[in-house]
Structure formats: C-alpha cells, structure tokens
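Contents: one structure, followed by commentary.
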Amino acid sequence: MMMMIMTLLSTFLLSHIAVPIGSQSAGLALTLGYRPFLDPLDAYGAWFFLSIPLVFFVAMSYKALRVPTMRYYWRQVFKMTGQIVIALVLLSAALFILVEVALPFM
Amino acid sequence: MREEPYDNSTPPTIQIVAPILAWLIPGLGHWSLGYRQRAIFIGIGILSMYICGLLIGSVNVINKTDGFWWYCGQTMIGPATPAINAWRASHKYPDDPADSSNATTYASPSFAKVNEVGTLYTTLAGMLNLMMILDVLYKSPNSTPNRGRRGEDGSAA
C-alpha cells in the first residue's frame, strides 16, 4: 500500500514538476516575447506554486486589519501563511489519496 | 514598528468619506482615519495581489462579458478594473497577429490554469478590499497624537 502511494506520488511529481523544468526551451521562446500585463505568464506547468504568494498577500492584508497591535505583525503574517500552505498541502494529499488510491478499490 | 492599537476611547461612528477613499485606493480609508501603518500594509498587500494577478493572467482576466461575477468582485478594488475592462474591450485580439500592418497594442488571451489563477488573484484582492471598506464604514478615528511621523499637535512621533 505504502509503495503504491509512493509510486503514485513520484509519478505525479515527475509529470507536473520535472517535465515543465525539462521543457524550458519551449518556455524560453514564450518568455522572450513576454509583455507584462499583455501576455499571460508561462506558468502552465507549475501553476500551483503561484498559490504561495497569493496566500502571503492575503495574510498580509488580513492581519493588518485583525491584529490588536502591530508589534507582532510579521510573526502573525508568516504564521498564517504557513498554516494555510500546510493546510493546502494536506488537503491536496488527502484528495489525491482518495481519488487515486481509495476510490479505485471501491 | 509602532504598535498602533485600535482606538476605543471614543465610540465608533459611521464614516462616509473613508469607505469611498478605501474603494478608490486600497488602504486610503484606514490612512484617512489615522491608522497609517495598517493602511500601508493593507495597500501593499491588496495592490500587490491585484498586480500579480494581471501579470500572471494578463489583462484578459478582467472580462465583464465572459466572467461577470468575477468582474463584480474585481470592481471592489477601485476604478482601475472598469478602466482595464474598457481598454481590453477596445483592443481586441486581431485575427492575424503576425500582420505587421496591425499596429494596435492588444492583449494575448490567456487560457486554463494561468487564466484561472490570475482571475483568482484579482478577485480575491477585490474581496479583501471589500472587507477593508466594510471595516472603515463603522470605526472610530485614531485620536492618539502620534498619527504619523508628526502628530496632530506637531510633535514628533
């Protein structure tokens, strides 16, 4: 069971991370012609990493509103960012196991 | 970093100008009430999110016709969203982009996840700014003397 999960996870990582990195030559052609705000970013292979800055900016704005005083502001921001990122990773792993491992046996 | 606690010495009142300022520029509502350090972080956070969304998915993530409900959320960021939508609508993607006679600047369409992530960035920025607008709608101004680098009475902070 554990081996199966590890194999599935490694397949997923290889197909979603290693392949986009390997196809840099194709991406380079698009990057050279990149016009900010007019062309979309060539991040089709690693779009899920874009959730990290999103979470950071959400935490930054939300904590600026919510903290009683600004003394521990940055500590609170990084804590909230970490909590959300960890929750996202755990939820993704749980859904991955549910869809790829549990459901096929049902 | 100054502590800048919320001022509870006076009861909160309904604000008229601050929510409008908060809609025009994120963070300006809190700035006008004297919470300047909070305003800076709110402004940087929300505007960075909005600009990153436009950089990721291009200005095509703002589309009143094809994504009306997303557009409603994006308008909470201020007048920039309707302006971008109007510009994008007037600069359609040409039938033949390679045609050199077509000198008009246009935005390339974005698809799939990149478009979705860009839309999510910009709409979340709008929703967060709505939260800031609602926050300054009923709030007591910061009456402490050290509102900025120099207090209301002219003394240094």
Side-chain angles (χ1 to χ4, degrees), chain A residues 12 15-17 19-20 23 26-27 29-82 84-85 87-88 91-92 95, chain B residues 1-6 8 26-27 30 35-62 84 87-88 91 93 105-118 120-122 124-125 127-129 131-132 134-136:
Chain A
F12 174 81
S15 61
H16 286 77
I17 297 171
V19 171
S23 62
L30 288 169
T31 312
L32 286 173
Y34 177 69
R35 300 171 300 165
F37 302 110
L38 297 178
D39 293 329
L41 199 66
D42 182 28
Y44 290 95
W47 59 269
F48 38 79
F49 289 119
L50 296 172
S51 63
I52 295 169
L54 176 72
V55 168
F56 176 75
F57 291 135
V58 168
M60 197 177 157
S61 309
Y62 181 75
K63 284 296 174 185
L65 182 72
R66 290 294 296 171
V67 289
T69 70
M70 301 299 280
R71 176 176 288 198
Y72 301 114
Y73 172 72
W74 287 112
R75 186 187 296 178
Q76 292 281 324
V77 169
F78 286 112
K79 188 180 169 188
M80 185 178 170
T81 306
I84 297 175
V85 170
L88 282 174
L91 272 173
S92 309
L95 283 172
Chain B
M1 184 180 282
R2 289 186 292 113
E3 292 192 19
E4 201 171 272
Y6 282 122
N8 297 317
H30 282 82
Y35 301 104
R36 297 192 171 174
Q37 201 161 29
R38 292 178 191 272
I40 289 168
F41 291 129
I42 288 168
I44 290 172
I46 291 177
L47 287 175
S48 301
M49 201 188 303
Y50 190 75
I51 291 167
C52 282
L54 294 176
L55 285 171
I56 291 165
S58 84
V59 292
N60 274 305
V61 297
I62 293 169
I84 291 170
W87 184 90
R88 186 198 51 74
H91 292 74
Y93 191 71
T105 307
Y106 57 87
S108 305
S110 58
F111 302 104
K113 296 293 184 190
V114 169
N115 182 278
E116 291 168 15
V117 171
L120 187 66
Y121 263 75
T122 48
L124 263 179
M127 291 288 97
L128 271 170
N129 200 39
M131 206 162 79
M132 305 308 162
L134 293 175
D135 185 62
V136 293

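FYI, side chains are in, hydrogens and waters are out, and symmetry mates aren't considered; it's all heavy atoms of this structure.
Summarising the geometry of A/L54 relative to B/Y121, their closest heavy-atom pair is N-OH, 3.2 Å, with the distance given to 0.1 Å. Across all their heavy atoms, A/P40 and B/S58 have their closest contact at N-CB, 3.8 Å. Smallest separation of non-hydrogen atoms from B/G45 and A/F57: O-CB, 3.7 Å.
If you measure heavy-atom distances from B/V59 to chain A, the contacts under 4.5 Å come from both the backbone and the side chain. Heavy atoms closer than 4.5 Å to chain B are found in both the backbone and the side chain of A/P36. Within the 4.5 angstrom heavy-atom criterion, only side-chain atoms of B/L124, from C-beta onward, approach chain A.
A distance of 13.0 Å separates CG in A/L41 from CG in B/N115, rounded to the nearest 0.5 Å. To the nearest 0.5 Å, the span separating CZ on A/F37 from CD1 on B/I56 amounts to 11.0 Å.
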N/O donor-acceptor pairs under 3.5 Å from side chains in residues 46-54 of chain B, not counting sequence neighbours:
unit_1 : atom_1 : unit_2 : atom_2 : d
B/S48  : OG     : B/I44  : O      : 2.5
B/Y50  : OH     : B/T81  : OG1    : 2.7

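Checking side-chain atoms of B/R38 against main-chain N and O of A/M70 turns up no donor-acceptor pair under 3.5 Å.
A/V58 has its side chain within reach of B/L128: a pair of non-hydrogen atoms, C-beta onward, lies under 4.5 Å apart. The shortest side-chain heavy-atom distance between A/T69 and B/P5 falls under the 4.5 Å cut-off.
Ring orientation note: the planes of B/F41 and A/Y73 are close to parallel, at an angle under 30° on the 30°/60° scale.
By the ring pair (Phe, Tyr, Trp, His ring centres under 6.0 Å) test, B/Y6 is found to be paired with B/Y35, residues two or more places apart in sequence or in another chain being considered.
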Run A/Y34 and B/L55 through side chain to side chain contact (heavy atoms under 4.5 Å, CB included) and show every step you take. CA-CA 10 Å; A/Y34 177 69; B/L55 285 171; 3.8 Å; yes

